Amino acid sequence: MRITRLTAVFLAVLALTLSACVHKTPPSSQNLTVHFIDVGQGDAILLDLGTTEVLIDGGEKNTGVEDYIKPYVDGPLDVMVATHFHADHIGGLINVLARYKIDNIWLNGENATTATFKTFMNAVNAEGANVHQAERGGTIRAGNLTFVILNPGLPPATDPNNNSIVLNLRYGDTDFLFTGDAENITESRMLIQSIVPIPDIDILKVGHHGSMTASSPTFLDLIKPKAAVYSAGAGNTYGHPHRQTIINLSKIGAKIYGTDVHGTVVFSTDGTGYTIKTKKQAPVIR
Ligand SMILES: [Zn+2]
């Protein structure tokens with residue numbers, strides 16, 4: 001679906017007008033840390049606020065996410081989110097399910113016939129967690145954190161990537177957007193169909209590993225990310241991130257980080273600003 005410039009302006013005005021309605025987590029005395037974990041070609045994101053931990057995806061099988069999160073998880077893992085059923089997102093969650101007690105698991109409701117999905121669902125069903133299905137307009141709560149669900153919506157998309165769970169988190173005045181592998185078609189649908197407006201975004205998890213099929217200039221122009229992180233494996237065969245996506249992000253003024261270049265990237269925020277630490281020293285990507 002094409003968004004005309006006039007429609008884009010209208011949506012931007014609508015988003016600004018309604019932005020006061022967006023769920024806002026009041027900042028506490030503790031910092032929220034958000035870890036974009038280097039899992040090679042895949043996604044894995046840990047959020048930690050005091051004794052509350054949320055894991056969004058776990059990379060491929062045996063990439064060590066269960067070890068990485070160990071120092072941060074106090075008691076049970078509060079929330080696990082599987083954005084969609086592809087192995088580079090749910091494979092690593094199988095070991096996490098085996099090692100940790102998990103209170104709540106959020107799925108996008110789509111089924112697959114792959115061996116990885118079957119193993120994952122067997123582990124989910126054996127976990128004894130509360131299992132939820134994400135739907136556009138709903139919320140995911142974890143301690144003092146509230147995520148607004150922007151995708152999947154109805155009708156479901158034909159491509160599993162576009163049924164990814166997409167989440168907006170506002171911590172104080174710092175906004176995150178976690179996109180899974182959502183692509184251009186989902187970006188358009190979220191803007192047009194969302195009952196919840198997408199505010200300006202401070203930190204964007206770039207859609208679909210920085211593929212050229214995500215991060216359209218129209219979408220970026222509306223959400224205006226200040227920082228953008230893509231997750232991709234060094235030398236991956238998919239060509240991620242695509243050069244045009246880096247150009248699109250640069251044009252909007254986003255500072256770009258990639259797990260292939262910077263290793264694990266960690267944001268820490270008190271709700272008024274944020275700091276960034278990267279495992280590997282490297283300049284921002286241009
Ligand atoms: Zn993926």
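Whatever order the structure lists them in is the order used to number ligands and atoms, beginning at 1. Note that the structure is predicted; figures quoted are calculated from it, not measured.
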The Zn ion (ligand 1) neighbourhood, protein N/O/S only, threshold under 2.8 Å
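Counting only protein N, O or S atoms under 2.8 Å from the Zn ion (ligand 1), the list reads Asp88 OD2, His89 NE2, Asp181 OD2, His209 NE2.
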Met80 reachable from Phe147 in the ILVMFWY side-chain graph, under 4.5 Å edges
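In one cluster: no.
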Path from Leu222 to Val148 over hydrophobic side-chain contacts below 4.5 Å
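Yes; Val148 is reachable from Leu222 via cluster members.
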Taking the six-membered ring for Trp, are His84 and His86 parallel (under 30°), tilted (30 to 60°) or perpendicular (over 60°)?
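Ring orientation, 0 to 90° scale: perpendicular.
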Using 30° and 60° as the class limits, which term best fits the ring planes of His89 and His209: parallel, tilted or perpendicular?
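It falls in the tilted class, 30° to 60°.
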Does the pair Lys226/Asp200 count as a salt bridge with the N-to-O cut at 4.0 Å?
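No.
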Counting N and O atoms only, with roles assigned by atom type, does the side chain of His35 sit under 3.5 Å from a partner on the main chain of Ile37, one being a donor and the other an acceptor?
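Absent.
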